[in-house]
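Input: one structure, supplied below.
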Amino acid sequence: MDILSGLNPPQKDAVETISGPVLILAGPGSGKTRVITHRIAYLLRVCGVKPSHIMAVTFTNKAAREMKERLERLVSFAVKDLTLGTFHAICAQILRRDGKVIGIEPGFVIYDDDDQKSLIKRTLNDLNLDPKQYAPSALAAAISAAKSQLLTPNDYAQRGRSYFDEIAGRVYEQYQQRLKDSNALDFDDLLMRTVLLFRQHQEVLEKYQSRYTHLLVDEFQDTNLVQYELIKQLGGKHRNVCVVGDPDQSIYSWRFADIRNILSFEKDFPDTKVVLLEQNYRSTKTILETASKIISANLQRNPKKLWTDNAPGEPVTVVEAYNEQEEAQFVINEIEKLVGRGEYSLGDFAVMYRTNAQSRVLEETFIRYGTAYRLVAGTRFYERKEVKDFLAYLRLIQNHSDIVSLARVINVPQRGIGDQTQARLLNWAKSMNVSTYESLRTLAQGTSDSPFTPNTTKQLTAFFNVMEKFTVKSREVNLTDLFDFVVESLGFKGYVFEQPEGEDRWDNVMELRGVAQEHNDLPPPEGLASFLEGVTLVSDVDSLQEGGSAVTFITLHQAKGLEFPVVFIIGMEDGLLPHFRTIDDPAQMEEERRLFYVGVTRAKKKVYLLHAFRRTLMGRNSITTASRFLAVVPGDKTSSTSTGWHEKNDFSSALYAWNRPSLSDADLSGQKASSLLPATALPELQAGDRVRHSQFGDGTVISLKTTKDDTEATVAFAEIGVKKLLLSFARLAKVV
């Protein structure tokens, strides 16, 4: 196969420019994945670069798999020696090979968000701090923010400005020590510790710089400070750094992605060659012109002139419904109409929204009509209890120091080892200055006086003996055989079937076994380590297959990188899109506009933009204001309609709602301005204060930011996590 055949001139230019830094600015649907894979194939087949000298970084496992499959079709020889994966997966490999010089043992486990919060709760207990007053989710967010800026616990403590910062600094320090004791790293550690490894050990960095002569990075606009530092470190010797991205699709600042990385790449690499990919192969001309008009209002961007040879296509349909129920009803009616005509199948449709909560009414409507749908970011497979329980056993087999996994399974299935016994065991281990698992070994050997009764000693010893048996087996058999051995030894099937929906839960365990089977070709215990690393780093969209026989429900954030023939974007109202917490921040408003742009450009053939006259938002049913973003949608590219609610209810037409006098930016939920608290009545709060919200419950104020006529509070709520609220609207009450 001719590697350059089928590429347009800019794509060929991007593929053939192999020396020096290259910035590829790729518009949506412009074939950037094709360019990256052909560029790698060109390096391999034409330039003779060895696969082991190339690193290609993606942002999802799904993208990495797709890239690998395309490469295998392009080149005739195996590409298994190519380093291809996500930042986190590649950094995990580096740390397993070379992390020992900074105190990281190769068998470390990777803690996910739930594990992180569990460990923070234990840390709070050690520090005699109340988790109800200092929400673990808020502290986890603060620690993650610190690591994304390469701040160690000592750095963070020196920068602290508030009482909450002081508390967070103490927790951060103890949390890191607990991670070390558990031989564990969290997601942020994978990146940060790799950067620190390279900074502190030049010889390790030089080894990787010498190995990787060519570095390619996809979705570069989504990199944060740590990821960009890694790129500069690895590409510092040969400088053959090719980054691909689009500032117009930078939508992850809440995950600390920094759009400045792509905007300033040419300053950091002055001899950069810039290649523009402007031809769109995905969407109709109408969709593309609409999207271009939407994004043109942004200032933080590299201007591009997107164009396509595709047909003009149908107008973008703007729909006004009375409420969210009618909105969902219109979506399902339109889908059934288009499917009934034989024009599309259910898998061709995606319904997108700004917040996860918007899926509820959609789900209820589709269930009522018996129409198949798949919800991206419902309860993730690897977060289901039975799956996490079994994974905890496997993690503890791999790493006996894993205190979070040990605490999860020591009484699963029930062995009569309650919370008081576990607390006593933990304290006893501390008194002997050993890990909890080693204290169990001491107990089983009977070599020390213990604080336990004979019956409790028997129960704890039995658990230890089971784990030792599992550990020995893990070194002798492949992963599936180990899986079956653990299931049988624990009576895990019976335990699962005793729980509600036991049959479905057991199906999940068997699905996990299927994943484990994919690692049977690796010798023990490598198969176990590979399996655990893979399931920890999986993301919500990794298993999403486009097409199929169900409508996709997905947030706009998760939709990036996907495409569908028909896209519905619901909730096009001020307060939802743009979200109410962004309206007073120009930079955040630009990101909201980019989010809208991303949603529209996922569509190939048809786009529907829906808004409701009334909506229940944060527990309040109120009249809304159609999104200000609709005002820039070209009138000659749209077809406007409604569900007919104003005729049925004798209302005057609100069809062109964006032409109505809009409410002030402070009126973010559509409430009448008089219902908001006047500025003089705003509650006096400071970081660290405990507050109560009528819907979200109790929380802790993390930070406060004064806007032109209001104050924005970032609050960590115990049940739902971190929220940003305007004090004039949220009606927070200070808890004394």
Side-chain angles (χ1 to χ4, degrees), residues 7-8 10-11 13-15 17 21-39 56-60 62-63 66-67 87 216-224 227-228 231 241-255 257-269 272-283 287-308 352 541 556-563 567 587-604:
L7 299 179
N8 63 36
Q11 290 175 334
D13 193 16
V15 167
T17 305
V22 180
L23 170 61
I24 302 174
L25 296 173
S30 61
K32 69 178 179 64
T33 303
R34 179 181 176 86
V35 167
I36 296 171
T37 52
H38 280 249
R39 182 182 169 89
V57 186
T58 67
F59 266 78
T60 66
K62 183 175 184 290
E66 180 183 350
M67 199 174 293
F87 273 104
L216 299 93
V217 184
D218 192 12
E219 304 289 4
F220 184 65
Q221 76 281 346
D222 294 331
T223 54
N224 62 21
Q227 290 162 335
Y228 193 19
I231 293 165
V241 180
C242 175
V243 299
V244 186
D246 181 7
D248 292 339
Q249 298 184 69
S250 178
I251 58 174
Y252 295 121
S253 65
W254 51 279
R255 291 198 314 214
D258 194 335
I259 192 174
R260 293 173 297 181
N261 291 345
I262 192 168
L263 294 176
S264 62
F265 184 79
E266 294 174 77
K267 295 179 182 178
D268 293 332
F269 295 88
T272 294
K273 177 171 182 175
V274 179
V275 180
L276 297 178
L277 301 184
E278 299 173 303
Q279 182 176 0
N280 178 284
Y281 294 92
R282 175 188 302 154
S283 306
I287 292 173
L288 201 62
E289 289 172 15
T290 299
S292 296
K293 183 65 174 177
I294 290 167
I295 203 62
S296 64
N298 274 11
L299 301 177
Q300 294 189 87
R301 61 189 301 260
N302 300 91
K304 297 182 297 296
K305 294 182 179 179
L306 301 182
W307 62 279
T308 184
M352 302 178 185
V541 299
L556 287 162
H557 281 103
Q558 292 170 314
K560 191 159 74 69
L562 305 177
E563 59 181 36
V567 167
Q588 288 297 308
M589 281 293 287
E590 289 210 353
E591 180 154 326
E592 292 292 292
R593 193 175 288 109
R594 292 194 292 267
L595 193 57
F596 182 27
Y597 172 81
V598 164
V600 170
T601 55
R602 299 310 92 199
K604 298 179 181 180

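Just so you know, these numbers use all the heavy atoms, side chains as well, and skip hydrogens, waters and symmetry mates.
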* Asked: When rounded to the nearest 0.5 angstrom, what is the spacing between OG1 in T601 and CD1 in I287?
  ->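 Interatomic distance, T601 OG1 to I287 CD1, rounded to 0.5 Å: 9.5 Å.
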
* To do: Start with the C-alpha gap between Q227 and D222, add the side-chain angles, then the distance that decides, and say whether side-chain contact (heavy atoms from CB on, under 4.5 Å) holds.
  => CA-CA 9 Å; Q227 290 162 335; D222 294 331; over 6 Å; no

* Asked: Are E590 and Q588 close enough that a side-chain donor and a side-chain acceptor fall under 3.5 Å?
  ->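 Short answer, no.
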
* Asked: Is it true that K32 and D246 make a salt bridge, defined as a side-chain N closer than 4.0 Å to a carboxylate O?
  ->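 Not counted as a salt bridge, because no side-chain N and carboxylate O are separated by less than 4.0 Å.
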
* To do: Of all the heavy-atom pairs spanning S30 and G27, show the shortest one and how long it is.
  => OG-O, 2.5 Å

* Asked: So, for N261 and F220, which heavy atoms are closest and what is the spacing to 0.1 Å?
  -> O-CE2, 3.4 Å

* M67 backbone acceptor or donor facing T37 side chain under 3.5 Å -> no

* Structure fact -> Heavy-atom nearest pair, Q221 first then A257, reads O-CB, 4.4 Å

* Asked: Judged by atom type as modelled, is there a donor-acceptor pair below 3.5 Å linking the side chain of T60 to the main-chain atoms of A63?
  ->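 Yes: the side chain of T60 pairs with the backbone of A63.
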
* Backbone N/O of K560 and side chain of Q249: donor-acceptor pair under 3.5 Å -> no

* Asked: Does V244 reach the side chain of L216, with side-chain heavy atoms less than 4.5 Å apart?
  -> no

* **pair L277-I24: side-chain heavy atoms closer than 4.5 Å** =>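 Yes, their side chains come closer than 4.5 Å.
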
* E289: side-chain hydrogen bond (donor to acceptor under 3.5 Å, both in side chains) partners, not counting sequence neighbours -> K637

* Output, in order, the C-alpha distance, side-chain angles, deciding distance and verdict of side-chain contact (heavy atoms from CB on, under 4.5 Å) for D13 and K273. => CA-CA 10 Å; D13 193 16; K273 177 171 182 175; 2.7 Å; yes

* Considering only heavy atoms from C-beta outward, does the side chain of T272 approach that of F265 to under 4.5 Å? -> yes

* To do: Nearest 0.5 Å please: distance from the OG atom of S264 over to the CD1 atom of I259.
  =>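 Here the interatomic distance stands at 10.5 Å.
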
* List for me each residue that meets side chain to side chain contact (heavy atoms under 4.5 Å, CB included) alongside L288, sequence neighbours excluded, and say none if there are none. =>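 So L288 forms a side chain to side chain contact (heavy atoms under 4.5 Å, CB included) with N280, L306, T308.
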
* To do: From the options R594, R301, R593, select the one residue that forms a side chain to side chain donor-acceptor pair (under 3.5 Å) with D248.
  => R301

* Student check: side-chain heavy atoms of N8 and Y281 closer than 4.5 Å ->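 In short, these two side chains touch, coming nearer than 4.5 Å.
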
* To do: Would you name the heavy atoms of R602 and P28 that are closest together and state the gap between them?
  =>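 So the minimum-distance heavy-atom pair works out to NH2-CB, 3.7 Å.
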
* Asked: Do the side chains of N302 and L263 get nearer than 4.5 Å, heavy atoms only?
  -> yes

* With no hydrogens and no angle check, do the side chains of N298 and Y597 hold a donor and an acceptor under 3.5 Å apart? ->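 Judged by distance alone, the side chains do not pair up.
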
* Asked: Can you tell if the side chain of L23 reaches within under 4.5 Å of the side chain of I262, non-hydrogen atoms only?
  -> yes

* Okay, side chain of E278, backbone of K304: is any donor-acceptor separation there less than 3.5 Å? ->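 Between the backbone of K304 and the side chain of E278 there is no qualifying donor-acceptor contact (under 3.5 Å).
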
* Measure from the side-chain N and O atoms of E563 to the backbone N and O of S283, and report whether any donor-acceptor pair falls under 3.5 Å. =>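 Checked: no pair found.
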
* Does a side-chain heavy-atom distance below 4.5 Å link F59 with D218? ->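 Sidechains of D218 and F59: no contact.
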
* Side-chain touch K62/L562, heavy atoms, less than 4.5 angstrom ->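 Counting from C-beta outward, K62 and L562 do come under 4.5 Å.
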
* To do: Go through V217 and F87 one step at a time and tell me if the side-chain contact (heavy atoms from CB on, under 4.5 Å) criterion holds.
  => CA-CA 9 Å; V217 184; F87 273 104; 4.1 Å; yes

* Asked: Between H557 (side chain) and Y252 (backbone), is there a donor-acceptor pair under 3.5 Å?
  -> no

* **Full working for side-chain contact (heavy atoms from CB on, under 4.5 Å) between H38 and Q11** => CA-CA 9 Å; H38 280 249; Q11 290 175 334; over 6 Å; no

* To do: Could you tell me whether the side chain of R39 and the main chain of T17 form a donor-acceptor pair under 3.5 Å?
  =>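 Between the backbone of T17 and the side chain of R39 there is a qualifying donor-acceptor contact (under 3.5 Å).
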
